[in-house]
Amino acid sequence: MNMQTRNDPFILMAGVYLTVGLLAAIGTLTVEAGLLEPLPRLRWVTVHFVTIGGLTQAVFGVLPTFVAAHSTGRRSSAGRSRWLQWVSVNAGYPLLLVGMSTGSTITAGAGAILVLSALLSLLVTVVRLRSPSTATAGSARYFRTAPWFLVVGILAALGMLFGVHGPGGYFGSLEAHVHANVWGFLALVVAGVLLTVLPELLGTDRRFPRARTITYWGLTIGAAGLVVGPWTARHELTIGGLVIYVVGTGALLASVVGTYRRSERRRDSRIALVLGAYFWLLVPVPIAPFVLLFPTAVPAAAIERAAINGLVFGWLLQLAMAFLPVVAVAAGRDSVEFVDAIATAAETGPQPSWIQVGSANAGMLLLWLTAVPLADGVASLLTLGGYLLLAAAWAAFVVDLWTALAGERSVRRRLEETPFG
């Protein structure tokens, strides 16, 4: 039984959850507009629709293919274990959401354990695909290291659910959970994908190839500090990890920008989404030491809320907008032709519009402005406007994603080509 079908089931479920996440964002809009009573944990549920529901599902789908593409003579196996992973994730994730929404610790814990079991099975799949000649070569080590951070993130989530914390207490576990899942797991996968796909996407050689090593160790060691620091309540580890992480991210961006400048392709909206995404990832960096060391001198709660919005909607959602429709087209291909298929899909498939780029980043700017002390009512208006702009960009993205999954041209392009009147 082969999972290499025309539409990878993990990518299909990513599309489902990102679509439901859009509806949750619209629900947030109605709450902010006063049309609906506040719903319990709506914000965190929306966040998890993007992270576990969308991006993690997509990673489960393509990670073995990326690893196999870096392993000479390997093909991404897609037998019974892959279907068991899919069932475990998609049985566990709804339980996790229901448990979070209702406050049922047992239900949420059962869901988290199912997701963890699927993750451990994925790790076995990835290890089996490794070949000795590529064990430490290229981008493969990004893809092999990343899932271990998700293991830590899920364990931190279980600790929060069952009241098992380190010296940093509940909020230390919360930060460790977010940092492991986002700054560790997803960031390493994204970096590996960018370094693998971008040269093919732009039709040129990668610039600054040695920066790949700096990127890997900077992100890995930095993310480890960002996980261990909050959990142990050691601010020096958190700040040290942050500094190292910024170095790794800087090396990654140097590769991205250098490769783009070498290419003859200009005004690519995908590159704009990538650069915008990393801008919102790095915005909290100069503020973080003040939040850690002087929490009463700054609006720490508002800054933390804006930072998490930036991570999820500014960074992850924009990266999904840039690449997930392209990956969706190529996902059914064998690992041998997978990267080439992505490059072909990028030329012929849906391209994000510049209005979408502007709407996503303008929305994030408004949400970040809510971290500044404002007059009564202004923060609510900014939140309303921010979610409205994000929802508009998100809706265009969902259309492009499902268009790609259907194997057709972009709906927007077809509408532009259709005469009216």
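Just so you know, these numbers use all the heavy atoms, side chains as well, and skip hydrogens, waters and symmetry mates.
A distance of 8.5 Å separates OG1 of Thr259 from CD1 of Ile271, quoted to the nearest 0.5 Å. Taken from CG in Leu388 to CG in Leu381, the straight-line distance is 12.0 Å, to the nearest 0.5 Å. For the atom pair CG of Leu390 and CG of Leu317, the computed distance is 7.0 Å after rounding to the nearest 0.5 Å. The CE atom of Met160 sits 11.5 Å away from the OG1 atom of Thr105 when rounded to the nearest 0.5 Å. Atoms CD1 and CG, on Ile11 and Leu324 in that order, are 5.5 Å from each other to the nearest 0.5 Å. With rounding to the nearest 0.5 angstrom, the CG atom of Leu281 is 8.5 Å from the CG atom of Leu253.
There is no side-chain donor-acceptor pair under 3.5 Å between Glu175 and Thr238. Checked by atom type, the side-chain pair Arg141/Thr213 shows a donor-acceptor distance below 3.5 Å. No hydrogens or angles considered: nothing links the side chains of Thr220 and Tyr142 as a donor-acceptor pair under 3.5 Å. Side chains of Asp400 and Gln351: no donor on one and acceptor on the other come within 3.5 Å. With no hydrogens or angles considered, a side-chain donor-acceptor pair links Asn361 and Trp280 at under 3.5 Å.
Between Pro147 and Leu123, the closest heavy-atom pair is CB-CD2, 3.3 Å. Of all heavy-atom pairs between Ala187 and Tyr245, the closest is CB-OH, 2.9 Å. Contact between Leu158 and Gly109 at its shortest, heavy atoms only, is CD2-O, 3.9 Å. What you find for Pro199 and Leu194 is that their closest heavy atoms are CD-O, 4.0 Å. Taking each heavy atom of Ala328 and Leu401 in turn, the nearest pair found is CB-CD1, 4.1 Å. Summarising the geometry of Trp86 relative to Met13, their closest heavy-atom pair is NE1-CG, 3.4 Å, with the distance given to 0.1 Å.
Counting only residues at least two apart or in different chains, salt bridge (charged side-chain N to carboxylate O under 4.0 Å, His left out) contacts with residues 94-114 are absent.
Two residues are said to be in side-chain contact when any heavy atoms from C-beta on lie closer than 4.5 Å; Val256 and Tyr278 fail this criterion. Here the side chains of Pro325 and Thr403 are not in contact, with every heavy-atom distance at 4.5 Å or above. Val283 places none of its side-chain heavy atoms less than 4.5 Å from the side chain of Met364. Residues Leu155 and Val151 meet the side-chain proximity criterion, which asks for heavy atoms closer than 4.5 Å. With contacts defined as side-chain heavy-atom distances shorter than 4.5 Å, the pair Leu316/Leu311 does not qualify. Under the 4.5 Å side-chain criterion, counting only non-hydrogen atoms from C-beta, Ile239 is in contact with Leu293. The side-chain heavy atoms of Val291 and Glu304, taken from C-beta on, include no pair separated by under 4.5 Å. Contact of the Ile303 side chain with the Trp368 side chain is registered, since non-hydrogen atoms from C-beta on lie closer than 4.5 Å.
Scanning for side chain to side chain donor-acceptor pair (under 3.5 Å) contacts around His165 gives Ser173, with sequence neighbours left out. Considering only residues two or more places apart in sequence or on other chains, Ser359 meets the side chain to side chain donor-acceptor pair (under 3.5 Å) condition with none of them.
Counted within 6.0 Å of CD1 on Ile355, heavy atoms from surrounding residues, nucleotides or ligands total 12 or fewer; the atom is thus considered open. Within 6.0 Å of CZ in Phe162 there are more than 12 heavy atoms belonging to other residues, nucleotides or ligands.
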Check your understanding: Please walk me through it: do Tyr216 and Thr145 pass side chain to side chain donor-acceptor pair (under 3.5 Å)?
Key -> CA-CA 10 Å; Tyr216 172 77; Thr145 303; 2.8 Å; yes
Review point. Given Tyr93 and Phe49, is the side-chain contact (heavy atoms from CB on, under 4.5 Å) satisfied, shown in steps?
Key: CA-CA 10 Å; Tyr93 182 54; Phe49 275 130; 3.6 Å; yes
Practice item. Give the C-alpha distance, both sets of side-chain angles, the deciding distance and a yes or no for side-chain contact (heavy atoms from CB on, under 4.5 Å) between Asn90 and Tyr17. Key: CA-CA 10 Å; Asn90 289 288; Tyr17 280 117; 3.8 Å; yes
Point to revise | Audit row: Trp315, Phe279, side-chain contact (heavy atoms from CB on, under 4.5 Å) steps and yes/no | key: CA-CA 8 Å; Trp315 181 56; Phe279 174 80; over 6 Å; no
**Study point:** Check against side-chain contact (heavy atoms from CB on, under 4.5 Å), Phe149 and Ile154
**Key:** CA-CA 9 Å; Phe149 277 100; Ile154 294 174; over 6 Å; no
**Study point:** Working for side chain to side chain donor-acceptor pair (under 3.5 Å), residues Ser117 and Gln85
**Key:** CA-CA 8 Å; Ser117 67; Gln85 291 164 22; over 6 Å; no
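Within the 3.5 Å criterion, the main-chain N or O of Gly21 finds no donor-acceptor partner in the side chain of Thr46. Side-chain atoms of Arg82 never come within 3.5 Å of backbone atoms of Leu122 as a donor-acceptor pair (strictly under, hydrogens ignored). Side-chain atoms of His177 come within 3.5 Å of backbone N or O of Gly153 as a donor-acceptor pair. For the pair Thr215 (side chain) and Leu252 (backbone), a donor-acceptor distance under 3.5 Å is present. Not one N or O on the side chain of Thr370 forms a donor-acceptor pair closer than 3.5 Å with the backbone of Leu366. Checked by atom type and distance alone, the side chain of Gln356 never pairs as donor or acceptor with a backbone atom of Pro352 at under 3.5 Å.
Seen from the ring of Phe323, Arg270 does not count as a face-on cation partner, given the 6.0 Å and 45° thresholds.
Of the listed residues (Val228, Leu226, Leu242), just one forms a side chain to side chain contact (heavy atoms under 4.5 Å, CB included) with Leu237, and that residue is Val228.
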